[in-house]
Amino acid sequence: GEDVEQSLFLSVREGDSSVINCTYTDSSSTYLYWYKQEPGAGLQLLTYIFSNMDMKQDQRLTVLLNKKDKHLSLRIADTQTGDSAIYFCAALPNSGYALNFGKGTSLLVTP
Amino acid sequence: DGGITQSPKYLFRKEGQNVTLSCEQNLNHDAMYWYRQDPGQGLRLIYYSQIVNDFQKGDIAEGYSVSREKKESFPLTVTSAQKNPTAFYLCASGGQGVNQPQHFGDGTRLSIL
């Protein structure tokens, strides 16, 4: 199956930009997603990008996709303390419906 | 409001007991999924269903069972054969077509008494 890798932790100061990185192995992945999970809660869909796109921007969120390197990043501008959460990268393989998830990146925003 | 409802939020299981986790959606989605989340492990797929009366095993189906008798409902039973059931269980649903993202419920935390 596909491997999706993320760094486990990231700490930033309030007001700075955060960049969370993800790599995946299946080059035929059609869609790539970013989800946010707050403590004790389910996953909230933040944004997603189709594999033929390089970039997608949605308010404070910017997703960059380098398909050649199979690298995905999520940039959060003007990071706030409420952005502290676990962020999951997920890839949809061409062969099916079920997502492959990374282990999540814990983002800590300090005042 | 449309969404996915999981119940209960917390559940305790005794040794040798089967327990059933409920998942209901009113998003009119065809596909539904069950994931297990352990600390530091990300999400692992237990079962999924693309249509009523049909479901497939995911990566860690042993010790679990599901049914899909109605489009809105996809209950998960954790059987006594599942020897390490303590985890956070997440249900998701998605529309037909690969461009329909999955949406998640708020999860059920299962613990052993």
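Letters A, B, ... are given to chains in the order of the sequence lines, protein chains preceding strands, and every chain is numbered from 1. Keep in mind it's a predicted model, so treat the numbers as computed, not measured.
Annotation for B:Lys9: atom NZ counts as buried by contact number, over 12 foreign heavy atoms lying within 6.0 Å. More than 12 heavy atoms of other residues, nucleotides or ligands shown are found within 6.0 angstrom of CD on B:Gln56.
Both A:Leu72 and A:Leu74 are assigned to one and the same hydrophobic cluster, defined by single-linkage of ILVMFWY side chains at heavy-atom distances under 4.5 Å. When the side chains of ILVMFWY residues are joined at heavy-atom separations under 4.5 Å, either directly or via intervening members, B:Trp34 and B:Val19 end up in a single hydrophobic cluster. A:Val12 and A:Leu64 are not part of a single hydrophobic cluster, where members link through side-chain heavy atoms under 4.5 Å apart. Residues A:Ile86 and A:Leu108 are members of separate hydrophobic clusters, defined by side-chain heavy-atom contacts under 4.5 angstrom among Ile, Leu, Val, Met, Phe, Trp and Tyr.
Within the 4.5 Å cutoff, the side chain of B:Gln37 has no heavy atoms near those of the A:Phe101 side chain. Side-chain contact between B:Phe88 and A:Gln37 is present, with heavy atoms from C-beta onward closer than 4.5 Å.
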Would B:Tyr33 and A:Leu99 count as a side chain to side chain contact (heavy atoms under 4.5 Å, CB included) if you check the C-alpha gap in whole Å, the side-chain angles of each, and the deciding distance to 0.1 Å?
CA-CA 10 Å; B:Tyr33 308 81; A:Leu99 295 175; over 6 Å; no
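The two residues A:Gly42 and B:Leu90 come nearest to each other via the heavy atoms CA-CD2, 3.6 Å. Pairing each heavy atom of B:Pro101 with each of A:Tyr33, the nearest pair is CB-CE2, 3.5 Å.
Note that the CD atom of B:Gln102 and the CG atom of A:Leu92 stand 8.0 Å from one another [nearest 0.5 Å].
With a 4.5 angstrom heavy-atom cutoff, B:Leu43 touches chain A via backbone and side-chain atoms both. Using a 4.5 Å cut-off between heavy atoms, A:Leu45 contacts chain B through its side chain alone, with no backbone atom that close.
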